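What follows is one structure encoded as structure tokens, with my remarks underneath.
Order of listing sets the numbers, starting from 1, for every ligand and every atom in it. Index from 1, following the sequence. These figures come from a predicted structure and were not determined experimentally.
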Amino acid sequence: MHTFADLIANTRFAALPDRFYSLVAPTPLPAPHLVAWNSALATELDLPAQPGDDLPAYLVGNALPKHAGPLASVYCGHQFGVYVSQLGDGRAILIGEARDSSGTLQEIQLKGAGPTPYSRRGDGRAVLRSSIREYLCSEAMHGLGIPTTRALAIAGSPERVWRETAETAAVVTRVAPTFVRFGHFEYFFYQNEHDALRALADWTITHCYPACQSAAQPYLALLDAVIERTALMIAHWQAVGFCHGVMNTDNMSILGLTLDYGPFGFLDGFDAGHVCNHSDESGRYAYNQQPQIALWNLQCLAQAMLPLLERDDAIAALHRFQPLFEEAFSDLLQRKLGFDAWQETDWALVTGLLELMQAAGTDWTIFWRTLSHTPSTSQAPAALRDLFLDRDAFDGWFAAYRERLLLNHGDDAIRLPAMQQANPAYVLRNHLAEVAIRQAEAGDFSEIARLQACLAQPFEERAEYAGYAAAPPDWADTLSVSCSS
Ligand code: AMP
Ligand code: MG
């Protein structure tokens with residue numbers, strides 16, 4: 001068993017040349033206290049399942065692991081389509097690494113630990129509200145089986161942080177094999193530092209994509225692998241109805257992990273053009289734009305890697321995104337619909353369904369979960385039909401669906417339990433996070449723990465969590481999330 005004091009201090013990232021980062025210590029926060037501790041993840045990392053008294057000091061960076069060389073990395077990126085020449089870890093500080101139970105080294109980052117040379121005009125802090133959202137959503141995504149960075153803890157402090165109003169500071173302890181982003185590659189490309197670019201690609205291959213080492217063209221294999229993982233991640237987002245909100249290239253993980261939880265949202269009522277981020281006025285990152293934005297971002301990455309690649313090879317690699325995405329998405333839809341295999345004609349069935357859902361604003365999660373409980377032997381039950389405005393049109397769709405199910409080999413006794421493992425009962429709807437936030441701001445952190453326990457197993461319906469599966473209450477209409485965090 002390890003503790004925070006003996007995390008691995010000489011991180012893999014620190015082995016890169018100095019121009020990749022700045023050594024910077026966290027800025028102390030007064031009176032730190034524990035808000036949330038993810039004991040399951042702690043156990044995976046061989047850290048204590050039960051937090052000790054000295055833990056909050058480590059979680060805000062007031063105390064550091066022995067021999068630590070805390071650092072913030074430099075990157076750049078395209079934000080809302082616009083190139084920004086220098087960004088970087090403006091409030092996240094890497095303090096060490098831990099080896100997880102599968103033997104993988106995981107970076108431990110404190111987000112909100114104070115200013116760094118990359119903070120620009122920011123204060124280096126994160127507020128309790130956004131820290132709770134990041135913590136809960138990271139773990140909800142993990143529970144859903146979606147590639148994501150993880151969250152180990154939240155620590156709070158009475159220190160005031162000014163956003164639209166006065167709030168209090170908090171720090172999320174984030175965990176991932178690496179937090180390298182597309183923007184890291186872009187930075188060295190646009191700085192014209194091609195040696196550094198190559199060093200970064202080599203580092204990424206060595207530590208994250210070792211299989212690329214033996215490829216005929218390792219850098220092309222790296223690009224291929226990132227394209228594949230990104231396509232898979234986006235397919236998961238679309239299937240579960242997750243909207244990221246700020247798909248800038250600096251928020252795109254080189255590992256294809258969902259990264260930087262800000263103004264994200266899960267679809268409630270289906271709207272293909274749903275924009276979860278109040279600050280995204282043009283709808284650039286709307287739900288139905290996410291796949292093509294991912295490709296746009298991958299183009300930025302490929303562009304940045306051009307000094308290491310043949311141009312035609314990079315273009316050919318990018319052309320694989322769309323088929324990879326469609327393959328991954330159809331696999332997930334096949335499971336959601338309960339089909340043994342996917343047929344090209346099934347796209348028409350899905351399109352027909354989406355049109356009906358769009359017209360009625362049908363709740364995405366409730367529809368799929370209800371379908372997972374619907375036998376194929378009868379007409380559609382009221383619980384399903386009533387989710388649609390044009391019930392006759394839905395009956396028509398359901399008749400076609402039942403017909404299609406005849407191609408399955410097994411019966412409902414096999415299909416329905418499998419569908420219940422593909423269609424979650426619970427997702428982190430905005431209003432659920434909001435309830436946990438309001439209680440935490442009043443000093444009661446129990447709702448965070450309760451919600452996290454539910455979302456860790458989103459496919460297992462439990463009576464005690466029935467309220468979490470319901471459609472949002474009326475008051476949720478007034479909730480809006482923005483980049484303010
Ligand atoms: P985001 O939109 O949250 O992904 O952040 C974009 C950039 O702004 C990143 O370089 C962040 O590190 C930086 N940033 C965001 N908020 C703050 C803050 N409060 N203080 C310092 N830097 C920040
Ligand atoms: Mg970011």
Side-chain angles (χ1 to χ4, degrees), residues 13 20-22 24-27 29 60-61 70-94 107 109-135 137-138 148-149 151 156-157 159-172 174 176 178-187 190 233 243-255 257-265 275-281 284-285 293-294 297 300-301 481-485:
F13 201 85
F20 281 82
Y21 53 81
S22 299
V24 53
T27 304
L29 274 173
V60 297
L71 64 84
S73 71
V74 64
Y75 52 83
C76 73
H78 283 80
Q79 298 190 315
F80 290 89
V82 178
Y83 169 65
V84 181
S85 63
Q86 199 201 293
L87 297 160
D89 297 322
R91 53 176 168 171
I93 296 180
L94 174 66
E107 293 186 350
Q109 224 188 35
L110 303 182
K111 179 171 176 179
T116 76
Y118 316 113
S119 299
R120 299 181 294 164
R121 287 177 301 280
D123 55 10
R125 294 300 181 195
V127 296
L128 181 61
R129 162 179 57 83
S130 65
S131 303
I132 292 171
R133 283 173 55 84
E134 168 138 19
Y135 177 86
C137 200
S138 309
T148 178
T149 63
S157 161
E159 174 114 323
R160 288 198 152 205
V161 175
W162 191 258
R163 295 294 181 257
E164 279 79 16
T165 62
E167 301 191 44
T168 57
V171 177
V172 184
R174 298 202 291 194
T178 179
F179 288 91
V180 168
R181 301 142 192 270
F182 293 6
H184 283 94
F185 285 79
E186 291 179 280
Y187 179 76
Y190 288 106
M233 173 185 77
C243 306
H244 182 282
V246 201
M247 287 179 69
N248 295 336
T249 57
D250 53 296
N251 290 338
M252 297 292 293
S253 151
I254 204 70
L255 289 177
L257 305 174
T258 312
L259 171 65
D260 277 11
Y261 291 90
F264 65 82
V275 181
C276 62
N277 177 1
H278 192 68
S279 322
D280 179 9
E281 281 159 20
R284 179 179 172 86
Y285 299 138
I293 287 290
N297 291 340
C300 291
L301 175 66
V481 287
S482 69
C483 285
S484 162
S485 61

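Within the cation-pi definition used here (under 6.0 Å to the ring centroid, within 45° of the axis), R133 qualifies as a partner of F264.
Near G122, meaning under 4.0 Å from any of its heavy atoms, are these atoms of ligand 1: 18 (C), 20 (N), 21 (C). Proximity to N251 (heavy-atom distance under 4.0 Å) selects the following atoms of ligand 1: 4 (O). Using a 4.0 Å cut-off to heavy atoms of G124, the atoms of ligand 1 that qualify are 18 (C), 19 (N), 20 (N), 21 (C). Close approach to S119 involves these atoms of ligand 1, each under 4.0 Å from a residue heavy atom: 21 (C), 22 (N). The ligand atoms of ligand 1 that sit less than 4.0 angstrom from a heavy atom of D260 are 4 (O). Residue R120 approaches ligand 1 through these ligand atoms, each under 4.0 Å from one of its heavy atoms: 7 (C), 8 (O).
Residue contacts with ligand 1 do not include K111, since none of its heavy atoms lies under 4.0 Å from the ligand. Within the 4.0 Å heavy-atom cutoff, C483 does not count among the residues contacting ligand 1.
Between Y83 and Y190, the ring planes lie tilted relative to each other; the angle falls in the 30° to 60° range.
Atom 19 (N) of ligand 1 lies below 4.0 Å from at least one non-hydrogen atom of the protein.
From the protein, the heavy atom lying nearest to atom 21 (C) of ligand 1 is G90 O, 3.1 Å. Shortest contact from atom 6 (C) of ligand 1 to any protein heavy atom: Q79 NE2, 3.7 Å.
For Y285 and F80, the gap between ring centers is short of 6.0 Å.
Only side-chain heavy atoms of R163 come within less than 4.0 Å of ligand 1; its backbone N, CA, C and O stay farther off.
R91 and S485 make their closest contact through NH2-OG, 2.8 Å (heavy atoms, listed as atom of the first residue, atom of the second, distance).
Summarising the local packing, CZ of R160 is surrounded by 12 or fewer heavy atoms from other residues, nucleotides or ligands at distances under 6.0 Å.
An angle of 80° is found at the Mg ion (ligand 2) between D260 atom OD2 and N251 atom OD1, rounded to 10°.
At least one N or O atom of R91 sits closer than 3.5 Å to an N or O atom of ligand 1.
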